[in-house]
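This report refers to the structure that appears directly beneath it.
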Amino acid sequence: MRRIPLPAFLMAVLLFVSAGACGRSSQASPAADDVIAKSSNDEEREGLMRARDDIDDGMRREVAEKDAEIERLRKENDELRRRLDRK
């Protein structure tokens, strides 16, 4: 059986984890748990967990930014509707 090179494997895991990391929970995304559990050694497992946590953190920041933008647009929309109602 041919082994996948570690960099390619990590990239695949990062993409997989990022897809599942969009939730708002402070818990680690379970998307890569199976892959992490199958890691061949402690160093690989720690690297995968660190990558998962970094991606989770980045996705949470991105979600917070989008939530803030949505709220800003809602307020702007409400203000524009009030202006139109006054005319």
Side-chain angles (χ1 to χ4, degrees):
M1 183 168 131
R2 213 174 111 198
R3 291 189 63 162
I4 299 172
L6 185 59
F9 179 76
L10 289 175
M11 182 57 72
V13 170
L14 291 175
L15 292 172
F16 183 71
V17 172
S18 66
C22 293
R24 295 179 187 181
S25 170
S26 61
Q27 276 187 313
S29 169
D33 285 353
D34 289 342
V35 175
I36 292 170
K38 293 175 186 174
S39 58
S40 60
N41 58 51
D42 289 342
E43 182 181 1
E44 183 180 3
R45 185 174 6 278
E46 289 171 14
L48 291 170
M49 290 171 63
R50 205 169 28 255
R52 177 204 55 205
D53 294 345
D54 289 347
I55 291 169
D56 282 355
D57 290 343
M59 295 308 292
R60 282 188 196 97
R61 282 191 299 275
E62 194 171 315
V63 167
E65 289 170 8
K66 289 179 190 271
D67 284 347
E69 178 68 5
I70 289 169
E71 186 58 31
R72 185 191 67 76
L73 290 170
R74 282 187 181 141
K75 289 177 182 178
E76 182 180 324
N77 191 35
D78 289 345
E79 177 59 30
L80 291 171
R81 286 183 183 190
R82 279 193 292 279
R83 287 183 190 176
L84 281 173
D85 288 344
R86 282 188 244 156
K87 289 184 179 185

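Just so it is clear, the model here is predicted, and its values are computed rather than measured.
The number of heavy atoms from other shown groups lying within 6.0 Å of CD (E79) is above 12. Open room surrounds CZ on R81; 12 or fewer heavy atoms of other groups in view lie less than 6.0 Å from it.
Within the 4.5 Å cutoff, side-chain heavy atoms of D33 are placed close to those of R52. Using a 4.5 Å heavy-atom cutoff, the side chains of K38 and V35 are not in contact. Residues E71 and D67 are not in side-chain contact: their nearest non-hydrogen atoms beyond the backbone lie 4.5 Å or more apart.
Considering CZ of R50 and CD1 of I55, their distance stands at 12.5 Å, rounded to 0.5 Å. To the nearest 0.5 Å, atom CD of residue E44 and atom OG of residue S39 are 5.0 Å apart. The line from CD1 of I36 to CE of M49 is 6.0 Å long, rounded to the nearest 0.5 Å.
Checked against E69 for a side-chain contact (heavy atoms from CB on, under 4.5 Å), the options E65, K66, R72 give a single hit: R72.
In this structure, the side chain of D56 engages the main chain of S29 through a donor-acceptor pair within 3.5 Å.
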From CA spacing to verdict: side-chain contact (heavy atoms from CB on, under 4.5 Å), L80, R83: CA-CA 5 Å; L80 291 171; R83 287 183 190 176; 4.3 Å; yes
So R74 and N77, side-chain contact (heavy atoms from CB on, under 4.5 Å) or not? Walk me through it. CA-CA 5 Å; R74 282 187 181 141; N77 191 35; 5.6 Å; no
M59 vs E62, side-chain contact (heavy atoms from CB on, under 4.5 Å): CA-CA, chis, key distance, verdict: CA-CA 5 Å; M59 295 308 292; E62 194 171 315; 4.3 Å; yes
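At a threshold of 4.0 Å, the pair R82-D85 does not count as salt-bridged, since none of the basic side-chain nitrogens sits closer than that to a carboxylate oxygen.
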